[in-house]
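Side chains are part of it too, since the values below use all heavy atoms of this structure and drop only hydrogens, waters and symmetry mates.
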Amino acid sequence: MKKENKQSLAVIFMATLCALQISSVCAQSRTDSLKRGISRYTDRNFSELRTVNLHWEVMPSYNYTLKHSDRDFEKGKMETSRNVKFQTTIPVFRSGKFSLYANGNIDYYHFEVNPNDDKPSELFTEKENDRLYMKGGLALNYYATLFGKPLLLSVSAGIDGWEKGVEQFQGGFMANLLLKQTHKNSVSVGLYAMYPYQITPVVPIVIWTHRLNPNWILDFTLPSRMYVRYQRGKHRLSAGTQMETEQFYIQAPTKYMDASQQEGTSTYYYNRSMFKAELVYECILNKRFYFIARGGGAGTITGGLYDTDRKGIDNKPFVEISHSVTPFFNVGFSIAYSDRIII
């Protein structure tokens with residue numbers, strides 16, 4: 001796959017996830033039954049969209065390569081890579097066709113690297129082994145109709161940052177049209193516009209589910225994930241693929257951004273989009289609590305260091321990072337309590 005296609009795919013994935021995060025909280029409807037149905041769908045199919053979500057993930061050692069100006073300048077082995085992610089989405093206000101939600105997440109990353117030449121890594125130094133990324137914002141949602149079909153509209157705004165301070169304002173607009181919803185099928189299409197963006201400001205999204213029988217379901221959110229799911233009682237097993245991203249801010253040599261400055265450091269935005277083939281086990285512990293375990297293989301689609309405004313050089317990062325396909329294991333808990341209003 002060409003680098004440009006990989007980068008476009010990664011951007012579309014990130015926008016899809018952002019739109020899902022908004023659509024999960026903007027599902028207001030003319031009828032309570034439709035509203036409850038959409039809420040149950042997001043609670044059931046997207047663990048990251050439940051009210052509270054906590055996950056821990058670990059990857060064993062794998063080889064990595066760092067590249068700048070199309071030249072490999074560091075190769076080595078990532079001895080340890082693990083992260084802990086906390087996410088929450090809380091209803092703040094609902095009135096008629098309007099609703100307001102607050103959302104936030106805190107991500108912690110830990111890396112231990114061993115470059116092949118036994119020199120210290122230029123990126124993952126001892127001071128930069130542990131990274132913290134934080135993001136929070138609000139989403140204002142409105143329900144309408146278009147050609148007699150439910151239309152969900154949302155405007156979001158927020159900021160992100162790290163332990164050294166606030167970094168970037170983020171905004172988005174989403175429109176999602178529910179074309180069909182029956183007991184066996186559900187189809188919706190939408191567009192998501194974002195700021196800041198890396199390649200394109202607007203991306204399309206298609207969500208399709210099909211119930212084959214009472215236990216088997218096809219669940220596609222294109223282009224970011226595809227699953228075949230089997231559920232029996234309180235247990236569900238899924239097999240499929242999805243894309244995920246890890247992101248944080250990091251101090252690195254300024255020379256990558258500006259070759260004329262060989263000394264000093266600057267703040268970069270680190271982003272890596274990964275393709276994961278996985279098996280997922282979920283158990284409903286009670287009405288609100290879920291246990292989730294995931295395992296499979298992960299490979300990098302595109303990743304590296306960008307300026308804090310998400311820009312690089314010719315739609316490429318200043319420093320590119322790639323790694324071999326590696327196994328991963330993820331375990332977590334979720335709480336689905338979507339009817340709570342805090343004011």
Side-chain angles (χ1 to χ4, degrees), residues 1-18 64-74 78 81 83 85 105 107-109 111 113 121-125 127-135 137 158-172 192-203 224 243-262 264-275 298-323:
M1 183 182 294
K2 294 182 179 180
K3 290 182 180 179
E4 293 79 2
N5 293 337
K6 288 184 178 181
Q7 292 160 355
S8 299
L9 191 60
V11 170
I12 291 174
F13 155 67
M14 292 183 65
T16 303
L17 183 56
C18 291
Y64 72 90
T65 300
L66 300 179
K67 180 184 294 187
H68 175 61
S69 298
D70 295 324
R71 179 183 64 85
D72 295 348
F73 70 90
E74 180 178 309
M78 188 74 69
S81 175
N83 64 69
K85 295 185 177 183
N105 65 278
D107 301 341
Y108 167 78
Y109 299 91
F111 304 95
V113 301
S121 173
E122 291 201 30
L123 295 189
F124 302 103
T125 64
K127 291 183 179 180
E128 300 293 343
N129 277 354
D130 297 282
R131 295 269 50 89
L132 190 65
Y133 177 78
M134 296 168 284
K135 181 171 64 176
I159 56 174
D160 72 355
W162 56 325
E163 63 269 23
K164 295 186 179 182
V166 174
E167 286 294 340
Q168 183 67 52
F169 168 81
Q170 299 181 6
Y192 183 73
M194 75 198 93
Y195 174 86
Y197 63 91
Q198 289 172 289
I199 298 177
T200 177
V202 181
V203 295
S224 65
M243 287 184 284
E244 286 190 354
T245 186
E246 59 183 29
Q247 56 186 337
F248 50 82
Y249 292 97
I250 187 173
Q251 290 284 331
T254 305
K255 64 182 180 180
Y256 299 132
M257 190 183 305
D258 186 350
S260 66
Q261 300 187 37
Q262 295 297 309
T265 61
S266 297
T267 300
Y268 291 83
Y269 171 71
Y270 174 95
N271 179 279
R272 183 173 66 157
S273 297
M274 295 176 289
F275 176 86
T300 297
I301 300 173
T302 185
L305 300 188
Y306 300 85
D307 200 349
T308 55
D309 64 359
R310 286 22 175 194
K311 301 302 181 182
I313 301 176
D314 298 327
N315 293 327
K316 297 192 298 183
F318 295 113
V319 175
E320 297 179 73
I321 184 170
S322 60
H323 70 77

Peer 1: Stepwise, does the side chain to side chain contact (heavy atoms under 4.5 Å, CB included) test hold for F318 with K311?
Peer 2: CA-CA 9 Å; F318 295 113; K311 301 302 181 182; over 6 Å; no
Peer 1: I want to check something: taking the side chain as every heavy atom from C-beta on, are R272 and F248 in contact at a cut-off of under 4.5 Å?
Peer 2: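 A side-chain contact is absent here, since even the closest heavy-atom pair is not under 4.5 Å.
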Peer 1: Go through the steps for E246 and D107 under the test side chain to side chain contact (heavy atoms under 4.5 Å, CB included), then give the verdict.
Peer 2: CA-CA 9 Å; E246 59 183 29; D107 301 341; over 6 Å; no
Peer 1: Less than 3.5 Å apart, any donor N or O on the side chain of S273 or E244 sitting next to an acceptor on the other?
Peer 2: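 No, because no side-chain N or O of S273 sits under 3.5 Å from a partner of the opposite role on E244.
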Peer 1: For the CZ atom of R131 and the CZ atom of F111, what is their distance to the nearest 0.5 Å?
Peer 2: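 Going from the CZ atom of R131 to the CZ atom of F111 covers 9.0 Å.
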Peer 1: Are any non-hydrogen side-chain atoms of I250 and L305 less than 4.5 angstrom apart?
Peer 2: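 Yes, at least one pair of side-chain atoms sits under 4.5 Å.
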Peer 1: Which distance, rounded to the nearest 0.5 Å, do you find between the OH of Y64 and the OG of S81?
Peer 2: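 Those atoms lie 12.0 Å apart.
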Peer 1: Of the non-hydrogen atoms in T265 and T254, which two are nearest, and what is the gap between them?
Peer 2: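 Scanning both residues completely, I find the closest heavy atoms to be C-OG1, 3.1 Å.
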Peer 1: Distance from Y269 atom OH to Y133 atom OH, nearest 0.5 Å?
Peer 2: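 The OH atom of Y133 is 5.5 Å from OH of Y269, to the nearest 0.5 Å.
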Peer 1: Which value, rounded to the nearest 0.5 Å, describes the distance between Y270 atom OH and Y249 atom OH?
Peer 2: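 It is 15.0 Å, given to the nearest 0.5 Å.
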Peer 1: Cut-off 3.5 Å, side chains only: do T308 and E167 have a donor facing an acceptor?
Peer 2: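 There is no such pair between these side chains.
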Peer 1: Determine the minimum heavy-atom distance between G303 and P317, stating which atoms define it.
Peer 2: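 Reported closest heavy-atom pair: O-CG, 3.8 Å.
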Peer 1: What pair of heavy atoms forms the shortest contact from M257 to Y268, and how long is it?
Peer 2: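 Minimum heavy-atom separation between M257 and Y268: N-OH, 3.1 Å.
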Peer 1: Ignoring hydrogens, what is the shortest heavy-atom contact between Y306 and K316? Give both atom names and the distance.
Peer 2: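 Y306 and K316 have their closest heavy atoms at CE2-C, 4.1 Å.
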Peer 1: Looking at T300 and I321, what are the two nearest heavy atoms and their distance?
Peer 2: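 Closest pair (atom of T300, atom of I321, distance): CG2-O, 3.8 Å.
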Peer 1: According to ring-ring contact (aromatic ring centres under 6.0 Å, His included), who are the partners of Y256, at least two apart in sequence or on a separate chain?
Peer 2: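 Here the qualifying residues are H68, F73.
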Peer 1: Nearest 0.5 Å please: distance from the OH atom of Y109 over to the CD atom of Q247.
Peer 2: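 So the OH of Y109 and the CD of Q247 are separated by 6.0 Å.
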Peer 1: Measuring from atom CG of D72 to atom CD of E320, what distance do you get when rounded to the nearest 0.5 angstrom?
Peer 2: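 Answer rounded to 0.5 Å: 9.5 Å.
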Peer 1: Run Q251 and T267 through side-chain hydrogen bond (donor to acceptor under 3.5 Å, both in side chains) and show every step you take.
Peer 2: CA-CA 5 Å; Q251 290 284 331; T267 300; 2.8 Å; yes
Peer 1: Taking all heavy atoms of G299 and all of H323, pick out the closest pair and write down the distance.
Peer 2: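 The answer is CA-CE1, 3.9 Å.
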